[in-house]
Engineer: 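One structure coming up, written as structure tokens, with questions to follow.
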Amino acid sequence: MSLDDKAFIQYSRQIMLPEIGEQGQLRLMVASIAIVGLGGLGQLCAQYLTAAGIGGLTLIDDDKVEVSNLPRQLLFSQADCGQYKTEVARKKLVEKGTVQNSKVSAFRQIAAKTVRLDADNAESLLSDVDLVLDCSDNFATRQHINAACVALSTPNVVAAAAHFTGQLMAFDLKKSPDSGCYHCLFPAELRVSETCSTIGILGPMVGTLASMQSLLAIKLLLGLPGLGQLHRFDGLTGEMQKFKLRRDPKCSVCGLKTESNEVVYATHGETTCSSPLGEIDE
């Protein structure tokens, strides 16, 4: 299988990268991703991934566009307020247009699921995709996404941002079982108090995490490194910290493997603590 001339020209800059090439671009064009949450993170990730040539996107959210979303959620405008984010996003992503590659039949399929993901529907919503992007806006939903991804053996890329702090991590029990799952790091019993509603967020802060989350998703689809670490970004200082993820042998979601669920500082090997960010956006 090969790209036709129009697709080759459109994606020529990323095809030039030795880590991608034509075969890597073809892998992206037949890949499918579910994006849960179309707030500050999700709507930006959807645009980046569509532009990169991802073949299938499933957009999952039950919220409507509000005027308070507009400083961060750049896919939407004043005219979209009151409409469902999934429907608006799907229409705009299709309207952006992309080269149809006649040799890749699965190219450019965008599905809108206007529903709130919960424990009952998570597995059905996230089945039949190669990767999940957790861009959700609350801790409980992240737990439902994680449980479904563990059950389905689907890689899960999680990002969160509030105030000037961001977090990014990816889990794949097939390729990195010792890294565990989201529940190993942040058990469901934890209480989360800080949210964007209470401490605020800047658009560029969310944009930084969305870019990193999209990049990590593409890397994983291409088989490039990216698993096993929690990245914490400080938007005030511009500093990035990396922590090694370890599986909790007593995790009620993903089960046994390692001796500890400590988060180990990747550079110096120090054990440290981390806490989840509550909501990303509303």
Engineer: Can you list the residues that meet the side chain to side chain contact (heavy atoms under 4.5 Å, CB included) rule with K64, with sequence neighbours excluded?
Structural biologist: Y84
Engineer: State which residues pass side-chain hydrogen bond (donor to acceptor under 3.5 Å, both in side chains) with Q143; sequence neighbours excluded, sorted by chain then number.
Structural biologist: none
Engineer: May I ask you to list the residues sharing a hydrophobic cluster with V88, side-chain cutoff 4.5 Å, ordered by chain and number?
Structural biologist: V65, V67, L70, L75, F76
Engineer: Taking side-chain hydrogen bond (donor to acceptor under 3.5 Å, both in side chains) as the cut-off, I'd like each qualifying pair that reaches into residues 211-228, sequence neighbours left out, listed once.
Structural biologist: Y48-S211
Engineer: List for me each residue that meets side-chain hydrogen bond (donor to acceptor under 3.5 Å, both in side chains) alongside S32, sequence neighbours excluded, and say none if there are none.
Structural biologist: D130
Engineer: List in chain and number order the residues that pass side chain to side chain contact (heavy atoms under 4.5 Å, CB included) with K91, two or more places apart in sequence or in another chain; answer none if no residue qualifies.
Structural biologist: E95
Engineer: How would you list, by chain and number, every residue that makes a side-chain hydrogen bond (donor to acceptor under 3.5 Å, both in side chains) with S124, sequence neighbours excluded?
Structural biologist: none
Engineer: Not counting sequence neighbours, list each pair that qualifies as a side-chain hydrogen bond (donor to acceptor under 3.5 Å, both in side chains) and has a residue in residues 145-161.
Structural biologist: none
Engineer: Does Q43 have any side-chain hydrogen bond (donor to acceptor under 3.5 Å, both in side chains) partners at least two apart in sequence or in another chain, and if so, which?
Structural biologist: Q47
Engineer: Using the test side chain to side chain contact (heavy atoms under 4.5 Å, CB included), find all partners of E239 that sit at least two apart in sequence or belong to another chain.
Structural biologist: T237
Engineer: When Ile, Leu, Val, Met, Phe, Trp and Tyr are grouped by side-chain heavy atoms lying under 4.5 Å apart, directly or through other members, which residues fall in the same group as M16?
Structural biologist: none
Engineer: Not counting sequence neighbours, which residues clear side chain to side chain contact (heavy atoms under 4.5 Å, CB included) with T141? List them please.
Structural biologist: V36, R116, L117, S136, N138, I145
